[in-house]
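Ligands are counted one by one from 1 in listed order, and the atoms in each one are counted from 1 as well.
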Amino acid sequence: MSTRLRVAVETPQHSGLGQPLDYSSEQPLQSGTLVRVPLGRRDVAGIVWPGPPADAPLAELRAVTAALQALPPLGPAWCELVEFAATYYQRGVGEVALAVLPPELRKLDDAQLANRIAKLEKRLAAEAGASTAPARPALSADQAAALDALARWTAEGGAPTVLLHGVTGSGKTEVYLRAAEQALAAGRQALVLVPEINLTPQLEARFAERFAGRTIVSQHSALTPAQRLRHWLAAHLGRADLVLGTRLAVFASMPRLGLIVVDEEHDPSYKQQEGARYSARDLAVYRGKREGVPVLLGSATPSLESWQHANSGRYRRLGLPSRIGGGVLPAVRLVDMNMLPKSRGVTTTLSPPLVDALQQRIARGEQSLVFLNRRGYAPVLHCGDCGWKSSCAHCSAWRVFHKLDRTLRCHHCGFTERVPRACPDCGNLDIAPIGRGTERLEEQLGAVLQDANGQPARIARIDADSTRLKGSLEAQLGAVHAGDVDVLVGTQMVTKGHDFRRITLVAAVNPDSALFSSDFRAPERLFALLMQAAGRAGRDAEHAARSEMWVQTWHPQHALYGALRRHDFEAFAASQLKEREMAGLPPYSHLAMMRADARTPEAARAFLQAAAELAATLPGAEAVTVYPPVPLHIARVADVERMQMLVESPSRVALQRFLALWLPSLHGLRNDRKGAEQRILRWAVDVDPLSI
Ligand code: ADP
Ligand code: ZN
Ligand code: ZN
């Protein structure tokens with residue numbers, strides 16, 4: 001007896017088929033079962049999807065070709081999470097579902113999968129050790145109060161979303177550990193999300209130490225396909241007690257979920273930037289509500305969205321206002337760069353007072369961290385005679401000068417060449433770097449800093465270039481922790497999360513540019529970055545009193561720096577929220593960004609204009625504003641011209657309704673155009689975009 005069922009399959013991106021398709025099956029299959037089905041002339045992976053199929057005659061339906069019965073079906077809550085994400089972010093259900101499952105699942109047949117599961121069970125049985133009672137620090141009063149409140153709200157049954165606002169070093173992680181302990185004690189699983197893959201080993205170590213004898217798995221993109229499958233299975237089978245991971249892990253299948261933690265909830269890396277552009281933080285909140293599980297969002301500098309939700313009462317708020325051990329936050333010192341004597345042609349430099357301060361730390365055997373958000377030696381090479389600059393042939397961007405391997409590298413498309421000996425346009429031998437990146441900063445610091453014996457200071461650099469090799473980041477961090485480094489130079493990579501114990505000075509060399517960015521979120525991001533960076537100093541209460549954060553700036557009067565000096569997140573948030581409210585920006589309005597890529601800017605613009613004209617004819621169009629198309633900040637990357645168009649509405653629901661009507665009609669628009677030059681390459685919408 002055949003039955004009808006719905007199957008979510010990965011349909012081609014612009015086919016316009018986002019919903020599950022109907023199939024027939026010889027045997028009844030539970031929803032959430034992995035299957036293989038024919039699609040066109042291919043045989044593809046799919047998932048039996050909840051919900052009634054249409055009433056089509058059975059004979060017209062194609063049949064499921066195989067079912068993975070060895071795998072327990074994905075639960076209804078998981079399917080709902082995926083369906084919500086697909087609907088909200090305007091993608092296909094099957095596309096999202098299959099993108100968030102381990103790719104290995106698609107390759108295995110039922111027997112192979114049964115075999116993998118058996119092996120995993122064996123492995124887990126072998127690993128299972130006796131759990132020893134771990135040493136736990138006594139909670140601070142603030143931590144205890146936070147955990148009490150969390151337990152009380154959870155007992156009330158509200159599945160609260162809790163914003164844990166704790167200054168850097170206030171012991172947020174201990175709160176996560178205790179909350180997870182309670183969830184595990186109740187027989188549940190805990191999901192802990194972190195923004196950066198680099199931070200997972202550190203956190204994993206802390207959880208592993210605390211939860212000896214429990215099964216902890218990680219989920220992030222650096223795992224091998226086999227590891228990824230194993231970790232995923234351990235969670236799905238309910239065998240893993242703790243799942244730690246980056247944004248993708250929000251989709252971990254966990255049948256006994258009891259707690260979700262989102263650490264550094266403000267971090268932009270929670271937003272997926274391609275495919276379904278989901279926010280793992282926002283999905284975590286949805287998931288917690290759906291599964292009746294508390295969600296703990298932690299940060300020293302919460303996103304203004306979350307802060308506003310806490311203000312309005314939608315989220316609960318908990319605070320950890322002081323550092324563990326009573327250490328004070330570092331004193332913030334602003335260096336007014338306008339007051340420095342102008343040296344010829346050099347605009348940004350290391351100010352003498354900062355150099356002195358660094359020198360003093362070295363003399364005392366303390367460490368410093370100096371950061372600059374630009375890797376390479378110099379952002380551009382320049383010929384003073386004819387004006388030539390090291391532009392990229394494929395992008396509207398400069399190629400960065402990397403001195404170590406003497407290359408010019410485009411950080412957008414990767415186009416790399418050896419540095420020319422002379423100006424390619426006029427032959428002038430004297431081409432010079434303008435500006436500075438971390439490589440140059442490292443060199444300059446090396447030239448001016450010495451230890452007490454007149455030996456050059458030990459300087460280490462951590463950025464995407466210096467950590468390309470596997471294990472090199474760990475080795476470099478190890479050297480810092482071991483005290484083998486006097487000054488650590490780096491990009492924002494070093495400002496997050498790391499628990500450096502001996503750093504007493506943190507310096508931002510040139511952070512001003514974000515003050516005047518056209519992106520309305522730039523100040524929020526800069527403030528968070530500087531607060532996080534400051535948080536790396538004086539983490540050892542013993543050194544806290546003499547730890548400092550230095551900021552070199554041309555705009556020392558700026559309100560952002562004023563709030564930073566006072567470590568006053570609340571004042572900063574209040575003033576930003578007021579500005580956002582007056583300007584009608586998020587969280588007081590809701591945005592979607594429509595983007596089109598083409599070979600010519602005209603083609604991209606024409607597509608967006610046609611889309612805008614179509615938008616105006618739709619019901620509900622009066623509730624949204626569609627702004628004119630503009631090129632992206634870097635308009636051309638790898639010979640592709642990129643244009644975007646902002647869509648805004650005061651109502652999230654109205655925006656969602658509008659998008660659901662508008663987007664399907666755009667598939668036709670795309671096919672209308674003739675000729676490669678006039679056609680667009682792709683379009684995509686980003687709901688709740690993070691960078692504008
Ligand atoms: P945050 O995540 O808020 O920046 P951490 O959780 O890393 O802070 O805590 C900072 C330091 O304080 C860590 O070294 C941690 O081990 C320690 N710590 C946290 N809670 C306590 C406590 N209750 N007693 C003693 N030390 C603690
Ligand atoms: Zn020249
Ligand atoms: Zn390029």
Open item on the list: Minimum distance, heavy atoms only, to atom 6 (O) of ligand 1: which one of T168, L320, L177, T173 is it?
Closed with: T173
- [ ] Provide the number and element of each atom of ligand 1 under 4.0 Å from a heavy atom of S140.
- [x] 23 (N)
Open item on the list: Under 4.0 Å between a side-chain nitrogen and a carboxylate oxygen: does that hold for R136 and E209?
Closed with: no
Open item on the list: So that I can tick it off, tell me whether D267 and K271 are bridged by a salt bridge, with the cut-off set at under 4.0 angstrom between side-chain N and carboxylate O.
Closed with: no
- [ ] Determine, using heavy atoms of V167 and all atoms of ligand 1, whether some pair is separated by less than 4.0 Å.
- [x] yes
Open item on the list: Quick check: W307 with Y315 (ring centres under 6.0 Å apart)?
Closed with: no
Open item on the list: Could you check whether E265 pairs with R281 (Lys NZ or Arg NE/NH1/NH2 to Asp/Glu carboxylate O, under 4.0 Å)?
Closed with: yes
Task: Sidechain N-carboxylate O distance under 4.0 Å for D597, R682 - done: yes
TODO: Check whether any N, O or S atom of H411 sits under 2.8 Å from the Zn ion (ligand 3).
DONE: no
- [ ] Give, rounded to 10 degrees, the angle between SG (C413) and SG (C395) as seen from the Zn ion (ligand 3).
- [x] 110°
TODO: May I ask which of K172, E174, R206 has a heavy atom nearer to atom 7 (O) of ligand 1 than the others do?
DONE: R206
Open item on the list: Are Y377 and H402, when compared by the centres of their aromatic rings, separated by less than 6.0 Å?
Closed with: no
Task: Note: D241-R214 ion pair, threshold 4.0 Å (strictly below) - done: yes
Open item on the list: Tell me whether R316 contacts the main-chain N or O of A310 through its side chain, where contact means a donor paired with an acceptor under 3.5 Å.
Closed with: no
Open item on the list: Give the atom numbers and elements of ligand 1 that come within less than 4.0 Å of a heavy atom of G171.
Closed with: 1 (P), 3 (O), 5 (P), 6 (O), 8 (O), 9 (O), 19 (C)
Open item on the list: If you apply the rule ring-ring contact (aromatic ring centres under 6.0 Å, His included), what do you find for H266 with H165, and how did you get there?
Closed with: CA-CA 11 Å; H266 66 280; H165 176 218; over 10 Å; no
Task: Close approach of R501 to ligand 1, heavy atoms, under 4.0 angstrom - done: yes
TODO: Could you please compute the angle at the Zn ion (ligand 2) from SG of C426 to SG of C386, rounded to 10°?
DONE: 110°
Open item on the list: Which residue and atom name correspond to the protein heavy atom nearest atom 13 (C) of ligand 1, and how close is it?
Closed with: D499 OD2, 3.8 Å
Task: Per-residue contact class, Q143 against ligand 1 - non-hydrogen pairs under 4.0 Å - done: side chain
Task: P137 N/O under 3.5 Å from ligand 1 N/O - done: no
Open item on the list: Would you say the Zn ion (ligand 3) has H394 as a near neighbour, meaning an N/O/S atom of that residue under 2.8 Å away?
Closed with: no
Task: atom 4 (O) of ligand 1 - nearest protein heavy atom and its distance - done: G169 N, 2.7 Å
- [ ] Could you list the atoms of ligand 1 found under 4.0 angstrom from a heavy atom of L139?
- [x] 23 (N)
TODO: Compare every heavy atom of L564 with every heavy atom of F527, then report the nearest pair and how far apart it is.
DONE: CE1-N, 3.6 Å
TODO: Check whether any heavy atom of A138 sits under 4.0 Å from an atom of ligand 1.
DONE: yes
Open item on the list: Do the side chains of R409 and E417 get close enough for a salt bridge, i.e. N-O under 4.0 angstrom?
Closed with: no
TODO: Note the single closest protein heavy atom to atom 26 (N) of ligand 1, along with its residue, its atom name and the distance in Å.
DONE: I324 CG2, 3.5 Å
